[in-house]
Amino acid sequence: MSVYSAQHLQQFRLVVTGGGTGGHTYPALTTINALRERLALAGIEPDLLWVGVHGGLEEKISARAGVPFRAITTGKLRRTPTPRELWRNVVDAFRIPIGIGQAVLTVARNRPSVVLSTGGYVSVPIGLASRLFGVPYLMHEQTLALGLANRILAKFATRILLSQEPSLQHLTPKARERAVVTGNPIRPELFTGDRDKGAAAFGLDPRVPIVVVTGGAAGAQQINRLLAAVLPDVLPYCQVIHQCGSLSYAEMQQVAAQLPPALAHRYKVLDFIHEQMPDVLAAADVVLARSGAGTVAELTALGKPSILIPYGASAGGEQRSTAKHLAGLGAAIMLDGPTATPEHLRTELMSLVSDPSRRTAMAHSAAAQGHPDAADKVVNEILTVASRGA
Ligand SMILES: CC(=O)N[C@H]1[C@@H](OP(=O)(O)OP(=O)(O)OC[C@H]2O[C@@H](n3ccc(=O)[nH]c3=O)[C@H](O)[C@@H]2O)O[C@H](CO)[C@@H](O)[C@@H]1O
């Protein structure tokens with residue numbers, strides 16, 4: 001704390017921008033909470049403004065966190081539009097300059113000490129405006145392969161904060177000089193989970209291995225169907241807590257109803273896991289999941305052995321790059337394309353469930369990739385840049 005002058009802190013004002021998905025919104029929220037905690041030590045309540053899209057998740061989350069919110073207009077230009085999207089491209093082509101105008105006014109009026117963006121199209125106009133006024137601008141990237149918005153912003157960001165080491169390769173040599181690997185900030189309550197409480201909440205036996213299955217915020221149909229096909233074979237050896245997403249909930253309840261009565265009590269299905277997530281993850285001996293940036297940040301920070309089935313068909317998809325990277329380090333098993341069959345899933349699940357020493361080795365490799373202190377590192381960067389200026 002001593003490197004930041006009291007005067008800087010008294011006048012400290014942060015504009016945070018980012019949203020669209022949970023993947024962009026939650027790292028912003030976690031950073032805000034960590035910053036508030038840090039400055040509270042000096043008796044300071046930071047002056048904050050969250051800039052996002054009207055009706056986006058960030059509007060709800062900022063309201064719940066008590067952070068003033070300003071909506072700006074954004075547009076998305078599709079590179080290979082369908083005939084219907086062509087019209088939306090025309091509309092968006094008008095929206096983009098409006099958004100830039102609003103962003104310029106927002107930065108001009110608020111004169112923040114620092115702007116932090118955590119991705120999404122809303123980041124671009126605010127990032128541009130901050131540079132126009134010489135305000136220090138930090139961009140944070142959650143995924144291993146940089147998204148389009150962040151590839152643009154990386155060109156002029158004061159500092160580039162990355163979640164994973166290999167992302168450095170996606171930057172130009174010049175941008176790399178301004179980059180630092182902080183990790184992806186994750187909710188601190190995830191570190192407070194209790195295995196016994198997690199098992200008890202679902203009526204499970206903590207002595208029998210527990211597999212947690214999650215498809216990310218929306219659930220994953222592919223994972224749900226693969227799991228349904230192997231449940232009768234694996235349930236004699238383990239118990240399963242399955243977050244399937246609201247779209248597949250009725251279908252998975254039917255799968256549960258058809259399980260042999262002797263095994264049915266070992267399978268628990270939910271559409272979404274809310275505040276129980278810390279205990280559920282603490283209870284997990286093995287996790288079967290999509291390799292979304294948030295999920296992977298959590299699994300590595302907690303050191304969990306996992307089987308990852310990336311989302312998306314394209315070979316260069318960000319979830320696939322992430323899963324491939326972790327699998328290459330022995331920190332996860334990747335099932336993808338032709339390997340993502342019920343037979344393969346059954347084999348991999350059984351081998352992990354029946355082999356505690358393999359799970360331990362994988363857990364260690366996963367933990368070596370984790371950044372449990374990511375939020376603190378991002379806050380350090382914000383305060384350091386604030387005290388230095390642009
Ligand atoms: C399908 C898709 O496009 N997914 C993208 C989306 O992921 P998406 O936002 O779906 O998933 P992430 O893995 O990034 O994060 C999921 C978050 O939701 C939480 N959670 C999940 C399920 C649940 O029942 N309860 C719960 O609290 C997890 O703990 C985690 O914090 O944004 C990520 C970050 O840009 C990208 O890497 C993903 O590719």
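Just follow the structure's listing: the first ligand is 1, and inside any ligand the first atom is 1. For the numbers below, each heavy atom of this structure counts, side chains included, while hydrogens, waters and symmetry mates do not.
- His140 is listed as a side-chain neighbour of Pro185, based on a closest heavy-atom distance under 4.5 Å.
- In this structure Phe272 satisfies the ring pair (Phe, Tyr, Trp, His ring centres under 6.0 Å) test together with His274, sequence neighbours excluded.
- Screening residues 181-200 for side chain to side chain donor-acceptor pair (under 3.5 Å) gives Arg195-Asp285 as the qualifying pairs, with residues at least two apart or on separate chains.
- With hydrogens and angles ignored, the 3.5 Å screen pairs no side-chain donor or acceptor of Ser248 with any backbone N or O of Glu251.
- In terms of the salt bridge (Lys or Arg N to Asp or Glu O under 4.0 Å) criterion, residue partners of Asp47 (sequence neighbours excluded) are, by chain and number, Arg13.
- Contact residues of ligand 1 (protein heavy atom closer than 4.0 angstrom to a ligand atom; sorted by chain and number): Thr21, Gly23, His24, Thr143, Arg187, Thr214, Gly216, Ala217, Gln243, Phe272, Ile273, Met277, Gly292, Ala293, Gly294, Thr295, Glu298, Tyr311, Glu318, Gln319.
- In this structure the side chain of Ile273 never reaches within 4.5 angstrom of the side chain of Thr214, judged on heavy atoms.
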